Amino acid sequence: MSYVDDVYAKVVAKNPAEPEFHQAVKEFLETVRPVIDKHEEEYRKVALLERLTEPERQIRFRVPWVDDKGQVQVNTGYRVQFNSAIGPYKGGLRFHPSVYFGIIKFLGFEQIFKNSLTGLPIGGGKGGSDFDPKGKSDREVMAFCQSFMTELYRHIGKDTDVPAGDIGVGGREIGFLYGQYKRITGLYEGVLTGKGLSYGGSLARTEATGYGLIYFTQELMKINGIDVAGKTAVVSGAGNVAIYAIQKAQELGMKVLTCSDSTGWVYDPDGIDVKALKEIKEVNRARLTEYKKYRPNSEYHEGRGVWTIKADFAFPCATQNELNLDDAKTLVANGVTAVCEGANMPTTLDATNYLKEHGVIFGPAKAANAGGVATSALEMSQNSERLSWTFEEVDAKLKQIMINIVHNIDAAAKEYGKAGDYAAGANIAGFKKVADAMMSQGIV
Ligand code: NDP
């Protein structure tokens, strides 16, 4: 059996009932196969892939808290410190009822290579809880966050592990988590990113993942001879990534026709009204059914369906496995030019392969959505030097990082005879730096 197949079989056997983690490892191993084959003997001897697929540390803990009725609730907290070869663990916290080790490990594994692609010194980690912030009062969210941090604080630190937000964890949650960390440790340090501007946050961090996705797409289209201005796009999601992707896409002259949340989706033939979307989601924390009140010409549909609308670009920005093979077939039949992933692993493996086989330009998540973590690393730099950069400075750095990522993944794909396969390029470029560092640091 080849080394790649051997390791994949071990991962499945050692981590049963974690299909999302298996999927992330499989996608990665398949695409880095040419690099592994070239160094097979050397890597096998030091069990490089076995070490890469085994987290350095996995923490699971009890999170008890009291709800508004006086009832004690118990959730489970997780932090997976996956790989610190190139820097302190860095990766978000996800609060969603679907969270368990399989989700956190898939996200943590992807994060290793994404962080490597940014060119900044950050390792890979991820965490979260099965807590659902939806429908909870601010006091309940605070009680949960304080209890969560009461255990997590002992595992993190500005030079060891620096969490951030993800699904269900935005500015409000980061604020409560930071307050509790500071209260317990007495340290005012950059231990979390995505902080508020009044206590160490970076300008442009809120916008970074969505803006970065669009800067990435603009550059990727440029090297393929395509101008994004005047094109149409479909977006899924209506959260942090989706909102700022829509905003930047429209600023650059694209018309975005759709967005969605976990219950339904909106089609707006005149282009999504970002101001209305922000008010509904960021201020009122309401459902997308509200959108029609602002834009009577739009349509609201229950369930899922954004991929049925004809457009030049598709940007999945909600969650994992939200774009399946049937959706890919519909997109191809509608003549889509490119799919660039804002969410993590939103496209299933068979859908990704179908898109690539049919000539669709595919921008993989670990490259396309790396702008968020890159700007988090810029927040860490500002915290360390006790300075705040202007919005323009951070945004310019973000844009340059996304441009560099496009050229790096393009070059890596070409070097291994896979020109135009940007998923392979991203995995290869991300992997090589981490592998070099691991090889230099001995058996740890
Ligand atoms: P948010 O919680 O702000 O928004 C998530 C959006 O997706 C919401 O509109 C939510 O609907 C919808 N959604 C979530 N779960 C599901 C589901 N199971 N089915 C359908 N819709 C769903 O999260 P973010 O925007 O921060 O994250 C979105 C994606 O981007 C995730 O995959 C995340 O890992 C990834 N990402 C985020 C980064 C960041 O900086 N925030 C950085 C890199 C990647 P509803 O409004 O109903 O909750």
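The basis for the numbers below is simple: all heavy atoms, side chains too, and nothing from hydrogens, waters or symmetry mates. Since we're looking at a predicted model, the values are computed, not measured.
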Centroid separation under 6.0 Å, is that true for the rings of Phe101 and Tyr78? yes
task: Say whether, by atom type as modelled, one donor and one acceptor occur between the side chain of Asn15 and the main chain of Val11 under 3.5 angstrom.
output: yes
Counting the benzene-type ring for Trp, do Phe82 and Phe106 have ring centres under 6.0 Å apart? no
Output for pair (Ile361 CD1, Thr217 OG1), nearest 0.5 Å, gives 10.0 Å
Smallest heavy-atom separation, Ala374 atom then Thr118 atom, equals CB-CG2, 3.8 Å
Do any N or O atoms from the side chain of Arg51 and from the backbone of Val46 form a donor-acceptor pair under 3.5 angstrom? yes
Given side-chain hydrogen bond (donor to acceptor under 3.5 Å, both in side chains), test Thr263 with Arg287 step by step and report yes or no. CA-CA 8 Å; Thr263 49; Arg287 314 304 317 163; 3.3 Å; yes
Between Arg154 and Glu151, is there a side-chain N and carboxylate O pair less than 4.0 Å apart? yes
Item to complete: Before giving the answer on side chain to side chain contact (heavy atoms under 4.5 Å, CB included), spell out for Lys26 and Val12 the whole-Å C-alpha distance, their side-chain angles and the decisive distance to 0.1 Å.
Response: CA-CA 10 Å; Lys26 189 180 174 87; Val12 173; over 6 Å; no
**Asked** Would Gln247 and Lys278 satisfy side-chain hydrogen bond (donor to acceptor under 3.5 Å, both in side chains), going step by step from the backbone distance to the final call?
**Response** CA-CA 10 Å; Gln247 179 167 312; Lys278 282 187 184 175; 2.7 Å; yes
Check: Is Glu40 salt-bridged to Arg44, going by a charged N under 4.0 Å from an acidic O?
Finding: yes
Hey, does Gln320 have a side-chain heavy atom less than 4.5 Å from the side chain of Glu110?
no
- Message: Would Lys399 and Tyr211 count as a cation-pi pair here, with the cationic atom under 6.0 angstrom from the ring centre and within 45° of the axis?
- Response: no
| field | Ser260 side chain vs Trp265 backbone, donor-acceptor pair below 3.5 Å | value | no
**Asked** When you measure from the side chain of Glu140 to the backbone N and O of Asp68, does any donor-acceptor pair fall under 3.5 Å?
**Response** yes
Query raised in the report: Where the side chain of Glu393 meets the backbone of Trp389, is there a donor-acceptor pair that is under 3.5 Å apart?
Result: no
CZ of Arg205 to CG of Leu197, rounded to nearest 0.5 Å, is 12.5 Å
ask   = Side chain of His301, backbone of Val306: donor and acceptor closer than 3.5 Å?
value = no
query = Does the distance from a Lys or Arg side-chain N to an Asp or Glu carboxylate O, for Arg33 and Glu30, drop under 4.0 Å?
reply = yes
Practice problem: Classify the ring geometry between Phe95 and Phe148 as parallel (under 30°), tilted (30 to 60°) or perpendicular (over 60°). | Solution: perpendicular
Between Glu379 and the options Lys195, Lys158, Lys90, the salt bridge (Lys or Arg N to Asp or Glu O under 4.0 Å) test singles out Lys195
Taking the six-membered ring of Phe131 as reference, does the cationic atom of Lys136 (NZ for Lys, CZ for Arg) lie under 6.0 Å from its centre and within 45° of its axis? yes
Next on the checklist: Between Asn404 and His407, is the side chain to side chain contact (heavy atoms under 4.5 Å, CB included) condition met? List the steps.
Outcome noted: CA-CA 5 Å; Asn404 293 346; His407 292 281; 5.8 Å; no
Kindly indicate, with the supporting measurements, whether the criterion side-chain hydrogen bond (donor to acceptor under 3.5 Å, both in side chains) is fulfilled by Asp67 and Gln71. CA-CA 5 Å; Asp67 71 16; Gln71 174 64 49; over 6 Å; no
When rounded to the nearest 0.5 Å, the distance separating CD of Glu282 from CD1 of Ile243 is 4.0 Å
Lys329/Asp350 ion pair, N-O < 4.0 Å
no
* Give the C-alpha distance, both sets of side-chain angles, the deciding distance and a yes or no for side-chain hydrogen bond (donor to acceptor under 3.5 Å, both in side chains) between Asn324 and Trp307. => CA-CA 10 Å; Asn324 62 31; Trp307 314 125; over 6 Å; no
### Task
Please say whether more than 12 non-hydrogen atoms of neighbouring residues, nucleotides or ligands are located less than 6.0 Å from CD in Glu41.
no
request  = Look only at the side chain of Asn83 and the backbone of Gly124, and say whether a donor-acceptor pair between them is shorter than 3.5 Å.
outcome  = no
* Asked: Under the side chain to side chain contact (heavy atoms under 4.5 Å, CB included) criterion, do Glu189 and Asn383 qualify, and how do the steps go?
  -> CA-CA 7 Å; Glu189 61 178 22; Asn383 291 162; over 6 Å; no
Taking Thr258 for the side chain and Val266 for the main chain, is one N or O donor matched with an acceptor at less than 3.5 Å?
-> no
Original post:
Are the aromatic ring centres of Tyr178 and Tyr199 under 6.0 angstrom apart?
Top reply: yes
